[in-house]
Novice: 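Sharing a structure here in structure tokens format.
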Amino acid sequence: MRLFFALWPDAPTQQAWSETLAPYLAPLGGRRIPARNLHLTLAFLGEVRGDRMNELLRLGGDLDTPAFTLRFDRIEYWKKAGLACLRAGDTPPSLARLGGQLATGLQLAGFPVETRAFKPHVTLLRNVAVPTPSLPVWPVLEWPVPALALVRSRTDPDGSEYAVLHEWPLR
Ligand code: ATP
Ligand code: MG
């Protein structure tokens with residue numbers, strides 16, 4: 001199965017972001033990510049054998065991350081990827097630490113890890129048609145992050161389908 005660690009908003013939060021951001025996104029064209037799919041990826045694992053699940057569950061449980069709040073304050077257009085995403089100007093130290101600990105834990109356990117720098121973002125649009133400079137989001141979207149999640153991804157003909165397999169509340 002295809003797995004990744006993420007920060008996963010509850011359904012009302014996903015819906016609120018989707019509605020609040022619609023007017024910012026409409027002029028950019030492209031394909032909207034459905035509200036139920038909005039998330040922030042921490043570490044992408046790719047295909048993982050089912051018998052490695054226990055290792056991932058142990059790793060997630062070992063992290064013990066203090067709770068933090070994300071303040072999303074802008075939408076960025078990423079030209080190379082052709083996407084638009086929600087970004088926070090400041091990365092809370094807890095989030096940076098969580099990303100680092102996950103990467104280290106995964107590497108030590110022999111999972112392939114991302115070599116690019118961790119740039120926390122929530123993808124909102126793909127195949128953006130109208131390039132745009134960074135758009136300030138006002139009022140800022142504040143999100144007290146409740147938990148770390150392990151998520152399974154499936155691709156079907158009409159897009160990605162995600163299922164949260166396990167959640168670890170932040171401390
Ligand atoms: P699709 O690939 O079918 O268009 P998707 O990208 O939403 O859909 P996945 O490829 O399963 O679904 O990716 C799950 C999450 O991991 C997404 O947030 C995606 O942006 C991220 N991701 C995918 N591949 C990588 C990668 N190589 N490095 C970092 N993050 C990745
Ligand atoms: Mg993908």
Side-chain angles (χ1 to χ4, degrees), residues 1-11 13-18 21-22 24-25 28-50 52-53 55-57 59-60 63 65 68 70 72 74-88 91-92 94-129 131-132 134 137 141 143 145-168 170:
M1 31 184 185
R2 193 174 166 90
L3 298 178
F4 60 106
F5 283 99
L7 303 178
W8 204 270
D10 62 17
T13 303
Q14 290 174 317
Q15 200 53 46
W17 291 355
S18 182
L21 298 174
Y24 294 83
L25 300 175
L28 308 185
R31 181 166 52 84
R32 287 284 299 275
I33 305 298
R36 68 176 179 282
N37 281 359
L38 296 176
H39 66 275
L40 188 154
T41 296
L42 294 169
F44 179 74
L45 301 170
E47 278 305 316
V48 174
R49 288 206 328 255
R52 301 207 72 185
M53 229 8 226
E55 285 175 82
L56 295 175
L57 293 175
L59 173 59
L63 292 172
T65 304
F68 56 89
L70 276 169
F72 293 111
R74 58 177 187 261
I75 292 167
E76 285 180 6
Y77 165 60
W78 290 1
K79 187 165 183 243
K80 235 165 105 185
L83 61 79
C85 59
L86 190 54
R87 294 267 290 153
T91 302
S94 283
L95 172 57
R97 201 159 44 239
L98 174 59
Q101 288 176 344
L102 261 179
T104 304
L106 289 169
Q107 184 157 36
L108 290 176
F111 289 94
V113 292
E114 175 64 52
T115 50
R116 290 174 297 183
F118 174 46
K119 276 179 88 176
H121 65 280
V122 177
T123 301
L124 301 168
L125 272 186
R126 291 193 189 275
N127 307 109
V128 169
T132 180
S134 180
V137 171
L141 296 179
W143 183 39
V145 177
L148 165 69
L150 180 63
V151 186
R152 187 185 61 207
S153 163
R154 283 179 174 149
T155 309
D156 60 19
D158 22 76
S160 302
E161 186 198 301
Y162 301 124
V164 174
L165 301 183
H166 198 89
E167 281 191 298
W168 295 269
L170 301 188

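Quick caveat, the model's predicted, so the values are computed rather than measured. Side chains are part of it too, since the values below use all heavy atoms of this structure and drop only hydrogens, waters and symmetry mates. Counting convention: from 1, in listed order, for ligands and their atoms alike.
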Novice: Which of these, Phe4, Trp143, Phe44, sits in a ring-ring contact (aromatic ring centres under 6.0 Å, His included) with His39?
Specialist: Phe4
Novice: Got the closest protein heavy atom to atom 16 (O) of ligand 1, with its distance?
Specialist: Phe44 CD1, 3.1 Å
Novice: Trp78 and Glu76: side-chain donor and acceptor closer than 3.5 Å?
Specialist: yes
Novice: For residues Leu83 and Val128, report the shortest heavy-atom separation together with the two atoms involved.
Specialist: C-CG2, 3.7 Å
Novice: Looking only at protein heavy atoms, which one is nearest to atom 10 (O) of ligand 1, and what is the separation?
Specialist: Arg2 NH2, 2.5 Å
Novice: For Thr155 and ligand 1, answer yes if some heavy atom of the residue is under 4.0 Å from a ligand atom, otherwise no.
Specialist: yes
Novice: Among all protein heavy atoms, pick out the one at the shortest distance from atom 7 (O) of ligand 1; state its residue, atom name and that distance to 0.1 Å.
Specialist: Tyr162 OH, 2.2 Å
Novice: What is the closest protein heavy atom to atom 20 (O) of ligand 1, and at what distance does it sit?
Specialist: Arg126 NH2, 4.3 Å
Novice: Please list the nearest protein heavy atom to atom 15 (C) of ligand 1 with its residue and the distance rounded to 0.1 Å.
Specialist: Thr41 OG1, 3.4 Å
Novice: Take atom CD in Gln107; do more than 12 heavy atoms of anything else shown fall under 6.0 Å from it?
Specialist: no
Novice: Just jot down the ligand 1 atoms closer than 4.0 angstrom to any heavy atom of Arg116, in number order.
Specialist: 28 (N)
Novice: Counting from 1, what ligand 1 atoms have a heavy atom of Ser153 closer than 4.0 Å?
Specialist: 9 (P), 11 (O), 12 (O)
Novice: For ligand 1, which atoms sit closer than 4.0 Å to a heavy atom of Ser160?
Specialist: 1 (P), 3 (O), 5 (P), 7 (O), 8 (O), 12 (O)
Novice: For Arg2, is there an ion pair with Glu47 - N to carboxylate O distance below 4.0 angstrom?
Specialist: no
Novice: How close does the nearest protein non-hydrogen atom get to atom 29 (C) of ligand 1, and which residue and atom is it?
Specialist: Glu114 OE1, 3.4 Å
Novice: Is a donor from one side chain sitting under 3.5 angstrom from an acceptor on the other, for Arg32 and Ser18?
Specialist: yes
Novice: Could you tell me which non-hydrogen atom of Ala43 sits nearest to which non-hydrogen atom of Leu102, and how far apart they are?
Specialist: CB-CD1, 4.3 Å
